[in-house]
Amino acid sequence: METLRVDLGERSYPIHIGEGILSLAGEFLQQAGLRGKVAVVTNPTVAQLYLDPLHEVLTRSGFAVTPILLPEGEEHKDLKSLSVIYDRLIGERFERKSSILALGGGVIGDLAGFAAATYLRGVPYVQVPTTLLAQVDSSVGGKTGVNHHEGKNLIGAFYQPKLVLIDIAVLNTLPRRELVAGLAEVIKYGIIDDPALFGLLEKEMQKIIGLDRELLARIIATSCAIKARVVEKDEREEEYRAVLNFGHTVGHALEAVTGYTGFLHGEAVGVGMVKAAAISMQQGFCDEKDFARVRKLVEKAGLPVGIPSDVRMQDLIQSMEVDKKSGGGKIKFVICAGIGKTRFHWLTPGEILGALGA
Ligand code: NAD
Ligand code: GLY
């Protein structure tokens with residue numbers, strides 16, 4: 001087992017990573033100072049796989065468990081699901097010292113985290129991420145929230161968990177498409193910060209997709225460590241934390257114009273990273289070799305690399321312009337300045353359009 005730490009003063013917390021550590025959840029929650037009532041927020045798919053054993057270990061450690069099952073899917077990351085959580089917490093008389101545990105992917109983590117940030121003006125919560133994406137990205141860093149029909153993640157709060165528990169064994173049941181989507185974020189960490197991670201992915205991608213335990217533990221720990229360092233520098237995304245959005249400007253736009261049904265988030269980020277690398281090359285920040293490596297690795301993971309022919313480039317640009325990261329007619333882009341290095345650069349829609357076909 002490996003333990004990392006997110007260092008944020010009084011909001012610091014550990015990330016425990018290991019195989020089978022769900023069975024130690026009771027002890028870890030106690031160590032984090034949690035007692036009494038705990039609401040386990042999850043969905044039917046994840047509940048069927050992991051709720052009973054978790055319920056049992058928590059009960060054995062003296063916790064009074066209230067399972068809260070929410071409907072599955074991104075379309076339910078909304079205020080209605082949030083109300084379901086609040087209703088149960090109020091119904092079960094949850095107090096300031098009671099806690100919430102998110103058992104699931106990023107949808108559950110964001111919902112449970114936001115409920116924790118707002119119920120009684122804040123109760124402690126624990127992230128138990130069960131998708132690769134949630135293990136390497138959404139469970140760490142304290143971004144919580146829900147969608148509004150006008151856009152994704154428009155309602156939310158920065159609110160750090162007390163503890164993140166990453167059990168690699170749960171990836172055994174994750175559909176391959178979801179696993180691969182999570183790999184997009186791991187590739188992203190290599191591009192923005194870590195040439196050695198990028199090289200490891202180039203060398204071992206097939207073994208990783210085959211769920212090699214040691215490699216999974218290594219890439220998850222490395223990803224979490226990179227994310228932790230970024231969050232420590234800029235918890236509330238004043239500026240630097242936006243490096244985590246590499247590939248996300250085009251990715252988000254692609255998700256939006258395809259009605260959030262064409263691509264999983266990680267798949268859209270795969271395309272977005274290839275396009276961001278192409279733009280970086282065209283603007284002279286990285287060379288053709290870097291671009292080719294990014295494209296090849298995204299492809300090797302089994303992620304898409306191109307924009308579907310029925311997507312209109314103008315629609316994509318328009319979607320980027322209304323994205324919250326844009327301003328003053330130009331769009332703020334995270335540029336690849338060679339594998340492991342990034343910088344910000346403002347680009348006109350024309351400059352972006354030029355690279356989208358690459
Ligand atoms: P998800 O939560 O929808 O999970 C994907 C699917 O996998 C679901 O159907 C789920 O039921 C299933 N599943 C989860 N764990 C499983 C397991 N172990 N075995 C079998 N099936 C399992 O998707 P996601 O990709 O984890 O998260 C996407 C969400 O995360 C989006 O809402 C996005 O906005 C959010 N997000 C948040 C942050 C952040 O910093 N807070 C960062 C990135 C993404
Ligand atoms: N997923 C981007 C962030 O946490 O900032």
Side-chain angles (χ1 to χ4, degrees), residues 6 22 41-51 54 69-78 81 102-114 117 125 127-148 151-161 164 166-186 188-189 192 211 223-224 226-249 251-252 255-256 260 263-269 324-325 334:
V6 184
L22 217 52
V41 180
T42 188
N43 73 21
T45 305
V46 180
Q48 201 191 9
L49 293 162
Y50 303 110
L51 182 59
L54 181 66
L69 266 69
L70 302 176
E72 164 136 7
E74 181 72 35
E75 66 275 27
H76 295 291
K77 197 176 100 174
D78 61 4
S81 291
L103 175 69
V107 167
I108 289 295
D110 282 10
L111 268 163
F114 189 57
Y125 80 111
Q127 289 277 13
V128 182
T130 62
T131 62
L132 181 61
L133 180 129
Q135 294 187 343
V136 299
D137 189 357
S138 59
S139 65
V140 175
K143 278 191 183 175
T144 71
V146 296
N147 302 328
H148 184 269
K152 270 189 78 173
N153 299 325
L154 290 182
I155 303 156
F158 287 99
Y159 191 63
Q160 302 294 341
V164 181
I166 300 180
D167 191 336
I168 287 160
V170 302
L171 299 179
N172 283 331
T173 56
L174 191 65
R176 186 184 163 116
R177 188 173 170 201
E178 295 288 349
L179 181 85
V180 166
L183 281 172
E185 301 291 350
V186 182
K188 177 193 79 182
Y189 292 118
I192 65 170
L211 298 179
S223 300
C224 288
I226 294 170
K227 178 142 189 193
R229 298 298 84 82
V230 173
V231 170
E232 284 163 2
K233 274 193 201 159
D234 180 17
E235 184 183 1
R236 298 178 68 87
E237 200 167 312
E238 308 286 342
E239 164 92 311
Y240 178 65
R241 183 168 174 162
V243 296
L244 298 171
N245 293 330
F246 179 78
H248 286 57
T249 307
H252 281 155
E255 281 184 278
Y260 297 99
F263 291 87
L264 293 179
H265 173 70
E267 292 169 342
V269 169
K324 54 187 183 250
K325 287 179 283 298
V334 187

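As the structure lists them, so they are numbered: ligands from 1, and atoms in each ligand from 1. Throughout, residue positions are numbered sequentially from 1 according to the sequence presented.
Within 6.0 Å of CD in Q48 there are 12 or fewer heavy atoms belonging to other residues, nucleotides or ligands.
Side-chain contact between T144 and Y125 is present, with heavy atoms from C-beta onward closer than 4.5 Å.
Evaluated for a side chain to side chain donor-acceptor pair (under 3.5 Å) with H248, the options K188, E185, E255 yield exactly one hit, E185. Partner Y50 forms a side-chain contact (heavy atoms from CB on, under 4.5 Å) with one of D167, T173, V128 and no other, that one being T173.
Considering only non-hydrogen protein atoms, atom 4 (O) of ligand 1 sits nearest to T131 CG2, 3.6 Å. What sits closest to atom 21 (N) of ligand 1 on the protein, heavy atoms only, is P175 CD, 3.8 Å. For atom 32 (O) of ligand 1, the nearest protein heavy atom (residue, atom name, distance) is E74 OE1, 2.6 Å. E72 OE2, 2.2 Å is the protein heavy atom nearest to atom 9 (O) of ligand 1. Of the protein's non-hydrogen atoms, S138 CB, 3.2 Å is the one closest to atom 38 (C) of ligand 1. The shortest contact between atom 15 (N) of ligand 1 and any protein heavy atom is with T130 OG1, 2.7 Å. Of the protein's non-hydrogen atoms, the one nearest atom 22 (C) of ligand 1 is L174 CD1, 3.7 Å. Here the protein heavy atom with the shortest distance to atom 3 (O) of ligand 1 is V107 CG2, 3.4 Å.
Polar contact check, D137 against ligand 1: no nitrogen or oxygen pair lies under 3.5 Å apart. An N or O contact shorter than 3.5 Å links D110 to ligand 1 by distance. Residue-to-ligand polar distances keep V46 apart from ligand 1: every N/O pair is separated by 3.5 Å or more. Here's the thing with G106: one of its N/O atoms is less than 3.5 angstrom from an N/O atom of ligand 1. Taking only nitrogen or oxygen atoms, main chain and side chain alike, K77 reaches within less than 3.5 Å of ligand 1. Remark: ligand 1 and E178 share no N or O pair separated by less than 3.5 Å (distance only, no angle test). Any N or O atom pair closer than 3.5 Å counts here, and T173 shares at least one such pair with ligand 1. Below 3.5 Å of separation, one finds an N or O of V170 facing an N or O of ligand 1.
The contact set between ligand 1 and N43, taken as ligand atoms under 4.0 Å from a residue heavy atom, comprises 10 (C), 11 (O). When each atom of ligand 1 is checked for a heavy atom of K152 under 4.0 Å away, the hits are 34 (O). Remark: ligand 1 atoms within the under-4.0 Å shell around heavy atoms of Y50 are 18 (N). Against a heavy-atom cut-off of under 4.0 Å, L49 is close to the following atoms of ligand 1: 19 (N), 20 (C).
Atom CD of Q135 sits about 7.0 Å away from atom CD1 of I168, to the nearest 0.5 Å. With rounding to the nearest 0.5 Å, the separation of NE2 in H148 from CG in D78 is 10.5 Å. The distance from atom CG of D137 to atom NE2 of H265, rounded to the nearest 0.5 Å, is 6.5 Å.
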Between ligand 2 and the protein, give all atom pairs where both partners are nitrogen or oxygen and the distance is under 3.5 Å, as lines of names plus distance to 0.1 Å.
| from | atom 1 | to | atom 2 | distance (Å) |
| --- | --- | --- | --- | --- |
| ligand 2 | 1 (N) | D137 | OD1 | 3.1 |
| ligand 2 | 4 (O) | K227 | NZ | 2.6 |
| ligand 2 | 4 (O) | R241 | NH2 | 2.8 |
| ligand 2 | 5 (O) | K143 | NZ | 2.9 |
| ligand 2 | 5 (O) | R241 | NE | 2.7 |
| ligand 2 | 5 (O) | R241 | NH2 | 3.3 |

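Side-chain contact of T45 with E72: a donor-acceptor pair under 3.5 Å is present, judged by distance alone.
Ligand 1 has K227 within reach: a non-hydrogen atom of the residue lies less than 4.0 Å from it.
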Quiz item: Between N147 and N153, is a side chain to side chain contact (heavy atoms under 4.5 Å, CB included) present by the stated rule, with each step listed?
Solution: CA-CA 4 Å; N147 302 328; N153 299 325; 3.5 Å; yes

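Of the heavy atoms in L171, none comes closer than 4.0 Å to ligand 1.
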